[in-house]
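Read the structure below first, then the notes.
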Amino acid sequence: MLKSAGVHCEGKPHLWVSEDGTYEEEANKKEKSKIWDKTRTKLVCAVLSLPVPPGSENPSGKDVNGEIRDNLAQKSIHKFLLVGYDKSGTSTIYKQAKILYGIPFSEDERQTIKLLIQRKLFGYLGILLEGREQFEEESLLEKRKRCVINKSGPSGDTIQIDDTTIYSVGARVRAFSDWLLQVLLSDNLETIFPAATCEYAPFIEEMWKDTAIQATYNRRNELQMLPRVATYFLDRAVEISRTDYEPSDMDILYADGINSSNSLTCVDFSFPKSTQDDSLRIFRYQLIRVHPRTLGEHCKWLDMFEDTDIVLFCVALTDYDEYSVDRNGVLTNKMLASKELFESIVTHPTFENKNFLLILNKFDLLVEKIKQVPLTHCEWFRDLKPVVSPNCHTSTYPSLAQRASHYIGMKFKELFHSLTDNKLFVSPVIGLENDTVDEALRYAREIIMREEEEEPYLNRELFSTDSEASSCFLLENDLHV
Ligand SMILES: Nc1nc2c(ncn2[C@@H]2O[C@H](COP(=O)(O)OP(=O)(O)OP(=O)(O)O)[C@@H](O)[C@H]2O)c(=O)[nH]1
Ligand SMILES: [Mg+2]
C-alpha cells in the first residue's frame, strides 16, 4: 500500500504509519513525510473519490488551491444526484439544466416528449369538455328557473323553453366530446396514441373554434382538475395536435415528464465560462435525476449512487396542504411524505456524510398559496409563531412567501442536523425559471469545491437553526438562503 503511495520500500524496511499519515522507519525513528503529501496519493484519492483525513489538505501551506484544482480536474466527473418526492419538480429542473447548459434533447427524447404532450393535451381537452357539460347544465337550470318565475307571473301563458345556452355544441363536437370522455373514463388514452393525433387533429381544430368551448376555456380557473400548465398547451391546441408538431425547448420544459417510464435520466455538462469562475470551467458534472420509485422500498437501490458528490433533494414548497395516497392506500400530507423520503435518504448508510443541498421548489406557486392557506395546515409546521414586527410593511421586509420558504428550509435544516450533525445547504428555486436553477446548480458546485478546498465559500449562508429565528427572520432579496 505504501509502495502504491510512492513510498520507497526497497530492502523491506519496517515502516510505521500513524493516524495522521506520517510514516517513519522503525530502525532510525526518524519521521519522514506524510503519505497524504504524496502527489500520487492525492491523485488516487481525487480520481477514486477516496476520503482524505481532515487537515491533510494543506500540509505545507503551499499553493494548495492550484494543486487541489489539478486533482479535481483529474477526477473525471462530479456527480449531482437529484431526487425528490412525486411532482416536486425534479424532471423540470433536469430539463432546465439541459437547456441552460446547451445539451440538446435527443431525437428520441423529443419524440417521447412530443407524444407525452399530445396525450396530455387530449387529457386537458377532456377536462375542458367535462367542464363544458357542467356549465351547460348549470346554465340550463338557471334558464329554467327564470322561466318558472316568469310563468308564475300574472299572464300565466305557457312559454317555450329554448334549450340552448352559450355552452351548447353542435352534433359533431358533441360526438367527439362523448368519444373522448368515454376514452378518458375507461383510462384508455394510452392505447389510442399515437394514432389518435392523425385521426382526430381536424376535430380538435373544429372544436377549438367552437364558441361553447371558448366560453368554457374562459372559465378555466373554475376547473379544478385542469393543471396550471394546461393553459400553456391549450393556447396552442391546434398546432400541438397536428402530426407535424415539433416541440420547442420551452414546450419540453413545460411538459410533464422526460420519458414515458419516469426512469433514471442523466446528463453530463459543464458550467459555461463566466468572469468570476474562469478557473472552474474545465470541470465536468453529471446530473442524475432519479424518481423515488426507482429507488425501491426503503431506498434500497441508493447503493448504486455511492459515488455521488452531492445530493440535491427537491421539495415542492406548496406540498404543505396537498395530499397523496401512499403505497398502503393511506391519504398522506405530501410535505410529510417528502420529509419521510428525505429522512430515508439522509440516514441511508451509503450517504453518510454526503453533502446535501435542499432545493425548495415552486416558490412562485407558494407566493399565491400562502395568502390563502397558512403553513400551520401541515402538522409539522404547527410550531410556527406569527410574525410580529414593526417593519412588516417596509419594502425591505421579506414577503410572506419568503418567510414561509425560510421557515420550511429551517425545519429541514434542523431535521438534517439532528440526523447527521451536519449542515444542510438550502436554495429556493422556481423550476420553470432558468436563472434560479442555474444558481442552485452553481451553489451545489461551490459546496463541492468548498469541501475540497475548505475555503469560506459560503459566507452568504443566512440560515440560523435557532428556533427563535423562525418567527421573524431577515432574508436578502436574493433568493439564496
Ligand atoms: N409553477 C411552477 N410549476 C412547477 C415548478 N416546478 C415544477 N413545476 C410543475 O410541477 C409539475 C411537476 O413537476 P415535475 O418536474 O414533473 O416533477 P417530478 O419531480 O418530475 O415529479 P414526477 O412527475 O412524480 O416524476 C409539472 O407540471 C411542472 O411543470 C415551479 O417552480 N413552478
Ligand atoms: Mg414529472
Side-chain angles (χ1 to χ4, degrees), residues 80-100 105 109 112-113 115-117 119-121 123-124 127 221 224-235 247-267 287-295 311-320 322-327 332 334-335 337-338 340-342 345 358-372 401-402 404-405 408-409 426-441 479:
F80 296 179
L81 182 71
L82 176 61
V83 63
Y85 187 67
D86 287 13
K87 302 286 168 213
S88 57
T90 52
S91 49
T92 306
I93 291 168
Y94 175 84
K95 287 183 285 186
Q96 191 69 268
K98 283 193 88 158
I99 297 170
L100 266 167
F105 292 99
E109 282 174 321
T112 311
I113 292 182
L115 291 181
L116 266 172
I117 294 174
R119 202 162 54 223
K120 287 274 178 183
L121 180 76
Y124 302 149
I127 299 172
N221 289 346
Q224 292 198 345
M225 296 295 289
L226 200 66
R228 285 173 148 264
V229 73
T231 312
Y232 177 83
F233 293 109
L234 279 171
D235 277 340
S248 67
D249 279 357
M250 216 23 102
D251 293 357
I252 292 177
L253 180 70
Y254 276 80
D256 218 341
I258 312 168
N259 49 33
S260 42
S261 60
N262 214 354
S263 53
L264 183 143
T265 36
C266 79
V267 58
L287 181 65
I288 306 160
R289 182 257 175 190
V290 63
H291 193 273
R293 264 195 302 278
T294 318
L295 294 177
V311 181
L312 313 182
F313 189 86
C314 188
V315 171
L317 283 164
T318 44
D319 272 357
Y320 67 95
E322 294 178 18
Y323 292 82
S324 65
V325 179
D326 71 8
R327 62 181 105 210
T332 320
K334 283 169 69 178
M335 187 58 80
S338 194
E340 197 177 305
L341 176 67
F342 179 73
I345 295 177
L358 181 73
I359 292 189
L360 294 176
N361 193 32
K362 306 197 184 181
F363 184 81
D364 57 327
L365 299 180
L366 178 74
V367 171
E368 290 165 39
K369 183 174 273 189
I370 199 71
K371 293 180 203 149
Q372 318 290 334
Q402 278 173 320
S405 156
I408 295 174
V426 185
S427 187
V429 162
I430 298 171
L432 298 173
E433 289 180 10
N434 58 11
D435 51 343
T436 64
V437 174
D438 186 34
E439 263 189 62
L441 294 173
L479 281 182

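We count ligands from 1, going down the list as the structure has it; atoms in each ligand are counted the same way.
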| request: Please check if the side chain of N434 supplies one atom and the backbone of L100 the other of a donor-acceptor pair under 3.5 Å. | output: no
| request: Evaluate the criterion side chain to side chain contact (heavy atoms under 4.5 Å, CB included) for residue pair V315 and M335; output intermediate values, then yes/no. | output: CA-CA 8 Å; V315 171; M335 187 58 80; 3.8 Å; yes
| message | Angle between ring planes, Y124 versus F233, binned at 30° and 60°: parallel, tilted or perpendicular? | response | parallel
| said: Are the side chains of D438 and Q96 in contact, using a 4.5 Å heavy-atom criterion? | reply: no
| said: Under the salt bridge (charged side-chain N to carboxylate O under 4.0 Å, His left out) definition, can you give me all pairs with a residue in residues 82-91, not counting sequence neighbours? | reply: D86-R293, K87-D256
| query | Checking Y94 side chain against C266 main chain: does a donor-acceptor pair fall under 3.5 Å? | reply | yes
| note | Counting only non-hydrogen atoms and a 4.0 Å cut-off, the residues near ligand 1 are D86, K87, S88, G89, T90, S91, T92, D256, N262, R289, H291, N361, K362, D364, L365, I430, G431, L432
